[in-house]
Amino acid sequence: MKTIWILVLVVFYNGISLNGVATNVPARPPFVSIGALLSFNSTIGKVAKVAIQAAVDDVNSDPSILGGTKLRIAMSADKSGFLGIIEALKFMETDTVAIVGPQSSVTAHAISFVANELQIPLLSYSSTDPALSSPQFPFFVMTARNDLYQMAAIAEIVDYYGWKEVIAIFGDDDYGRNGIAALGDKLAERRCKISFKAPLTPAATREEITDLLIKVALTESRILVVHTFSSWGPVVFSVAQYLGMMGPGYVWITTNWLSTLLETDSPLPAGTLDDIQGVLTLRMYTPDSELKRKFVSRWSTLTSGTTAYGSNPMGLSTYGLYAYDTVWLLAHAINAFFDQGGNISFSNDSRLAALRGGSLHLDALNIFNGGNLLRQNILQVNMTGVTGKVKFNPDGNLIHPAYDIINVIGNGIRRIGYWSNYSGLSVVPPETLYSRPPNRSSSSQKLHGVIWPGQTAQKPRGWVFPENGRHLRIAVPSRVSYCEFVSQVPGTDKFAGYCIDVFTAAINLLPYAVPYKLIPYGDGVTNPSCTELVQLITAGVYDAAIGDIAIITNRTKMVDFTQPYIESGLVVVAPVKKRNSSAWAFLQPFTGQMWAVTALFFIIVGAVVWILEHRLNDDFRGPPRRQLITILWQVTCNIICSLIDCSEMV
């Protein structure tokens, strides 16, 4: 009996159960400290604060999630610039295992280097700068949609309507510059481009915005993409309305900052709504589900006593949904971390030991020993939340990126379609297409009708001739010969001729004005070389040329020609002689010698017929006179039959 008890003690001492599974897993702590960096007074932050706290309460109320462990969250203001970095460092002085945030992409860039060193994961639901998904920041996890996909959606919209150039208005910081760089790449994939970049400082004043939009109004493109913040984004449209840039002919497309503003602070003031009529904006797509409906129904209770704009209740934006799911994602990752034997422990950074005793107290920053394991578990989470399926692809981005495409009309918004990375533009929800093969053909790309700025349903052309643009430089050969085609009017800078008349008639048929300048080419003494003129067009000296320039093979390889407007086919030149008509006119086609040869031919044919028929045919016998008449008659009949056959063939 003593032997049995000794064996039992040995088994438990070695941490082995009867099933052969290790049981020496460290006990779970009663609390796990996490942090949250958000701007409490911003459009995104005030919604995210409520959503994050609700998620923490829901996780703590369900003991099956963390096995009795509670989440302890500390929220701090994500201030701009240097102060935001200081707030993040304060979290890292404590036993914080992960940080929800930061809200700002600019702050995220700075503290991601610190997170890499201290191995503390950052889970941001709003820092969507494409550069943050780089392998340079392994401890930064983007729990919302990467702006790379948002820019891809805008590029597909631009290409869908047949526009080729856009103007980008953006905040001049990491978030704005990197987002517009991604837009430029996506447009280039579709042979489109950004023709003018209009950066604004993050603290731009109304005067600075006015000066910038005046420059924009003088450019050619009328497709404007606004990638900025909801803090001064509405001011851009207010100034645009004042400058007359919200009328027909203009197209305004914004990133999801505008849809966030409309969801959170709705209804907006009447003046603000008037300024954004006809604008297209994007919104991160979240499929309808039971979880989402329950959370949306709870929102009014969660925000009771909280207002957004004036006395309006605070609405729930998609950022709030992603903030809620971020906490749940972290909770599942922490649970898996504990299941795998993870331990909450910290150690000193040897590279910071040399700074000990300094007034900055940087030596207080400790490395989270389980940071790598927790990060791996975060990226391996596979759950269903209020935003739908939450799972990361090998690139560290959430799977199935998709956006709603929204048109601002009247007092509300209208969804005109969807964009997904799987099938592009469509009028059906993206999840219905995941079960089908991907189809990116042009015929499958569809959107509903749009009410554009100026209350028009007609698609804008997308460009005008810029008021500050240069005239087209059109060369005109100064010829000495054939002046009827083109020539310079003596004593003036004007040109006349058939080619000039054709060009002027074509210009008048265009529905818009084309500024141009005719420039003489040549010295006016000798005819200039048209081939050299064509080469100058290729070199960019001239934009086009007008004149009697022959279309030959080597020239078509250098420039494009219009359709020929002068007929120049192959012709035969023959003299015209007047002849008198008479009864013997039928003899005129042949000469007398030709007629003699023809008669001789008839006699030879008759002789051959007589030789062949004389012995067998009685008609060719008798007196010589009769035989001669028969031969002539037979030859005549053959000739007549031949003529009849020829006429029937004709």
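Just so it is clear, the structure is predicted and the values come from calculations on it, not from any experiment.
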Check your understanding: With distance as the sole test, does Thr228 use its side chain to make a donor-acceptor pair with the main-chain N or O of Gly233 at under 3.5 Å?
Key -> no
Review point. Considering only heavy atoms from C-beta outward, does the side chain of Tyr175 approach that of His109 to under 4.5 Å?
Key: no
Check your understanding: Is there a donor-acceptor pair closer than 3.5 Å between any side-chain N or O of Arg177 and the backbone N or O of Asp172?
Key -> yes
Practice item. Starting from the C-alpha separation in whole Å, work towards a yes-or-no answer on side-chain contact (heavy atoms from CB on, under 4.5 Å) for Ile99 and Ile34. Key: CA-CA 6 Å; Ile99 296 176; Ile34 62 174; over 6 Å; no
Review point. So, does Gln277 use its side chain to make a donor-acceptor pair with the main chain of Leu273 at under 3.5 Å?
Key: yes
Check your understanding: Side-chain contact, heavy-atom cut-off 4.5 Å: Phe295 with Leu321?
Key -> yes
Review point. So among Thr43, Thr264, Asp265, Thr260, which one has a side chain to side chain donor-acceptor pair (under 3.5 Å) with Ser230?
Key: Thr43
Exercise for review: Step through the shown structure and confirm whether more than 12 heavy atoms of other residues, nucleotides or ligands are within 6.0 Å of NZ on Lys391.
Suggested key: no
Review point. Do we see a donor-acceptor contact under 3.5 Å between the side chains of Lys292 and Thr286?
Key: yes
Exercise for review: Heavy atoms only: give me the nearest Pro234-Leu261 pair and the separation to one decimal.
Suggested key: CG-CD2, 3.6 Å
Review point. Between the side chain of Asn393 and the main-chain N/O of Ile399, is any donor-acceptor distance below 3.5 Å?
Key: no
Practice item. State, without any angle test, whether Thr128 and Asn146 hold a side-chain donor-acceptor pair at a distance under 3.5 Å. Key: no
Practice item. State whether a side-chain donor-acceptor pair under 3.5 Å links Arg28 with Asn335. Key: yes
Check your understanding: Within the distance-only criterion (no hydrogens, no angle test), does the side chain of Asn407 pair as donor or acceptor with the backbone N or O of Ile451 below 3.5 angstrom?
Key -> yes
Exercise for review: Quick one: sort the Trp419 and Tyr149 rings into parallel, tilted or perpendicular, breaks at 30° and 60°.
Suggested key: tilted
Practice item. State whether a side-chain donor-acceptor pair under 3.5 Å links Thr254 with Thr281. Key: yes
Review point. Does the Ser259 side chain pair with the main chain of Leu282, one donor and one acceptor, at a distance under 3.5 Å?
Key: yes
**Study point:** Candidate pair Val390 and Thr384, rule side-chain contact (heavy atoms from CB on, under 4.5 Å), full reasoning
**Key:** CA-CA 6 Å; Val390 180; Thr384 300; over 6 Å; no
Check your understanding: Is the shortest heavy-atom distance from the side chain of Thr69 to the side chain of Phe31 under 4.5 Å?
Key -> no
Check your understanding: Should the pair Lys49 and Phe40 be classed as cation-pi, given the thresholds of under 6.0 Å to the six-membered ring centre and 45° from the axis?
Key -> yes
Review point. For the atom pair CG (Leu148) and CG (Leu132), what is the distance rounded to the nearest 0.5 Å?
Key: 12.5 Å
Practice item. With the side chain counted from C-beta on, respond yes when Asp174 and Asp129 share a heavy-atom pair under 4.5 Å apart, and no when they do not. Key: yes
Point to revise | Sub-4.5 Å side-chain heavy-atom contact between Ile167 and Ser195 | key: yes
Exercise for review: Quick one: pull up CZ in Arg461 and CD1 in Ile223 and give me the separation to the nearest 0.5 Å.
Suggested key: 10.5 Å
**Study point:** Residues Ser423 and Ser420: side-chain donor-acceptor under 3.5 angstrom
**Key:** yes
**Study point:** Test item: side-chain donor near acceptor, Gln103 and Ser42, under 3.5 Å
**Key:** yes
Check your understanding: Under 3.5 Å, is there a donor-acceptor pair between the Tyr324 and Asp58 side chains?
Key -> yes
Review point. Out of curiosity, Ser126 OG to Leu38 CG, how far, rounded to the nearest 0.5 Å?
Key: 8.5 Å
Exercise for review: Flag the pair His400 / Tyr422 as yes when their ring centroid distance falls below 6.0 Å, and as no otherwise.
Suggested key: no
**Study point:** Tyr322, Tyr418, Tyr403 screened by ring pair (Phe, Tyr, Trp, His ring centres under 6.0 Å) with Tyr285, the one that passes
**Key:** Tyr418
Exercise for review: Run the salt-bridge test on Arg440 and Glu156 with the 4.0 Å N-O cut-off and return the result as yes or no.
Suggested key: yes
Practice item. To the nearest 0.5 Å, tell me how far Ile344 CD1 sits from Phe337 CZ. Key: 4.5 Å
**Study point:** Residue pair Gln376 / Asn372, side-chain donor-acceptor N/O under 3.5 Å
**Key:** no
Practice item. For Asn41, look at atom CG and say whether over 12 heavy atoms of other residues, nucleotides or ligands are found less than 6.0 Å away. Key: no
Practice item. Ignoring hydrogens and angles, tell me if any N or O in the side chain of Trp299 forms a donor-acceptor pair with the backbone of Met314 under 3.5 Å. Key: yes
Review point. Between Phe229 and Trp257, is the ring centre distance below 6.0 Å?
Key: no
Point to revise | Rounded distance [0.5 Å steps], CG in Leu66 versus CG in Leu330 | key: 8.5 Å
Review point. With side chains defined as the heavy atoms from C-beta onward, is the minimum distance between Arg222 and Tyr250 less than 4.5 Å?
Key: yes
Review point. Do you know which two heavy atoms are closest between Ile44 and Tyr125, and how far apart they sit?
Key: CG2-CE1, 4.0 Å
Practice item. Could you tell me whether a side-chain N or O of Ser124 sits under 3.5 Å from a main-chain N or O of Met142, the two making a donor and an acceptor? Key: no
Check your understanding: Which atom pair, heavy atoms only, marks the closest approach of Asn377 to Ala336?
Key -> OD1-CB, 3.3 Å
Point to revise | Any Lys193 side-chain heavy atom under 4.5 Å of Leu187 side chain | key: no
Exercise for review: Over all heavy atoms of both residues, which pair between Val381 and Leu329 is shortest? Give the atoms and the distance, please.
Suggested key: CG2-O, 3.8 Å
Exercise for review: Check the surroundings of atom CG in Asn382: do more than 12 heavy atoms from other residues, nucleotides or ligands lie under 6.0 Å from it?
Suggested key: yes
**Study point:** Thr387 side chain to Asp325 side chain, donor-acceptor N/O pair below 3.5 angstrom
**Key:** yes
Check your understanding: Quick one: are Arg375 and Gln119 in side-chain contact, heavy atoms under 4.5 Å?
Key -> no
Revision key, fill the gap. Output for pair (Gln136 CD, Ser112 OG), nearest 0.5 Å, gives 8.5 Å
Review point. Are the side chain of Asp159 and the backbone N or O of Ala155 linked by a donor-acceptor pair below 3.5 Å?
Key: no
**Study point:** Side-chain donor or acceptor of Trp163 paired with backbone N/O of Pro460 under 3.5 Å
**Key:** yes
